[in-house]
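Counting begins at 1 with the first residue of the sequence.
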Amino acid sequence: MTVAGPGIAVVGGGFMATVHSRAARAAGARLVGVVASTPERSREVAANLGFERGYGSLDELLADPSVDVVHVCTPNALHAEQALAAIAAGKHVVCEKPLATDAATAERLVTAAAEAGVVGTVPFVYRFHPLVREARARVAAGDLGTLLTISGSYLQDWLLAQADDNWRVDSAAGGRSRAFADIGSHLVDLLEFITGAHITELSSTVRTFFAERANTPEVTTEDAAAVVIRLEGGAIGTLLVSQVAPGRKNRLHLEVAGTELSIGFDQEAPETLWLGRRSGTQVLPRDADQLHPDAARLSIVPSGHPMGYQDAFNAFVADSYAAMAGQSPDGLPVFADGLRTARITEAVLDAADTGRWEAIATSTDDEQRITA
């Protein structure tokens with residue numbers, strides 16, 4: 001028997017709306033509608049992406065009983081208000097990160113979703129590369145021994161020139177943090193996901209290299225951040241996040257070293273996992289026959305047939321819909337994970353402002369998972 005997928009609607013009409021719609025279609029969802037900046041733009045985006053209709057307003061979208069899930073793909077400062085409205089209307093929510101522009105508001109969203117009995121997820125989609133799951137499984141199995149060090153970076157060059165500009169640069173639309181909230185959040189989520197260890201404290205420095213840009217006369221958000229971290233169990237690490245790194249388009253790299261083994265993952269080359277031992281190194285291919293079960297589950301085409309970012313996004317959305325249908329997929333990033341990265345982002349900026357180490361809460365709030 002074929003089970004009908006959920007009816008979904010998207011708030012926003014940019015690049016991420018396109019990515020979300022592709023993933024929803026791949027998961028068998030009904031693409032009900034879109035609301036963008038104007039009714040005319042809503043109709044245009046709906047026609048381009050294959051949705052049934054464009055809405056005149058968010059209220060109109062939320063009043064539609066055929067919409068089960070709302071995907072929030074708007075500028076950061078709008079996420080919380082729109083996600084809270086969707087929760088109040090009884091809809092499940094997939095909300096782009098950052099979940100909110102401050103941790104207190106992110107916590108409100110976690111609470112609201114739990115009280116309403118709806119599922120809220122956040123697209124930390126790099127968790128869904130098969131070899132990320134393989135790295136996680138090997139850490140959990142004890143293959144690395146005792147965790148010693150972390151070396152991570154997320155580098156882009158799309159804001160390299162002073163003439164480059166975007167709504168994210170403006171703190172009114174993007175929030176207090178730019179580079180770390182946008183891409184550093186992915187990096188810290190991935191390292192905690194793979195290692196199973198929380199960051200307990202950090203020290204940081206941030207830089208804004210251009211005080212003004214083409215359409216932003218006063219830039220207060222950071223272009224780059226350098227962070228030193230301490231983790232549960234005694235491991236230490238360094239993280240570098242930059243949107244002004246020439247030649248780096250979307251280079252998320254993470255290397256985890258233990259007493260027995262190191263593991264390295266590069267998001268721009270996601271078909272292999274680097275394994276390092278004192279006695280030699282190995283490059284592990286994405287081959288289901290060589291992988292742990294959760295990694296093999298996500299390896300949907302044979303080795304040698306490359307998988308990438310959209311495949312990871314598709315898997316995230318499919319698992320989100322499975323959770324909304326009452327299942328419990330492993331490793332699904334939910335609102336509590338969005339809260340976790342919001343807290344770390346605030347700590348990065350606070351540490352840079354004060355010059356002091358900042359402690360990161362590891363309360364049970366951060367361990368909350370789907371309540372439905």
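- Residues in residues 158-170 take part in these side chain to side chain donor-acceptor pair (under 3.5 Å) pairs, two or more places apart or across chains: Q156-W158, D165-T216, R168-D182.
- In this structure, H129 has its ring center under 6.0 Å from that of F265.
- Side chains of E358 and S203: a donor-acceptor N/O pair is absent below 3.5 angstrom, by distance only.
- A salt bridge links R127 with D189: the closest approach of a Lys/Arg side-chain nitrogen to an acidic carboxylate oxygen falls below 4.0 angstrom.
- Judged by distance alone, the side chains of D64 and Y55 do bring a donor and an acceptor atom under 3.5 Å apart.
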Practice task
Report the C-alpha distance between Q267 and H186 in whole Å, list the side-chain angles of each, state the deciding distance to 0.1 Å, and finish with yes or no for side-chain hydrogen bond (donor to acceptor under 3.5 Å, both in side chains).
Solution key: CA-CA 11 Å; Q267 194 277 146; H186 279 294; over 6 Å; no

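- Screening Q290, R286, H305 against S299 for a side-chain contact (heavy atoms from CB on, under 4.5 Å) leaves a single residue, R286.
- Side-chain N or O atoms of E271 include one that pairs as donor or acceptor with a backbone N or O of M307 at under 3.5 Å.
- Considering every non-hydrogen atom in both A347 and I360, the closest pair reads CB-CD1, 3.2 Å.
- No side-chain donor from either of S57 and D59 sits under 3.5 Å from a side-chain acceptor of the other.
- Linking ILVMFWY side-chain heavy atoms closer than 4.5 Å, directly or via other members, places V348 and V219 in two distinct hydrophobic clusters.
- Residues forming a salt bridge (Lys or Arg N to Asp or Glu O under 4.0 Å) with E192 (at least two apart in sequence, or on another chain): R340.
- There is a side-chain donor-acceptor pair under 3.5 Å between S320 and T121.
- The salt bridge (Lys or Arg N to Asp or Glu O under 4.0 Å) pairs that include a residue from residues 133-152 are R133-D294, E134-R138, R136-D330, where partners are two or more places apart or lie in different chains.
- Between V10 and A17 the shortest heavy-atom distance is CG1-CB, 3.7 Å.
- A donor-acceptor pair shorter than 3.5 Å can be found between the side chains of Y154 and N250.
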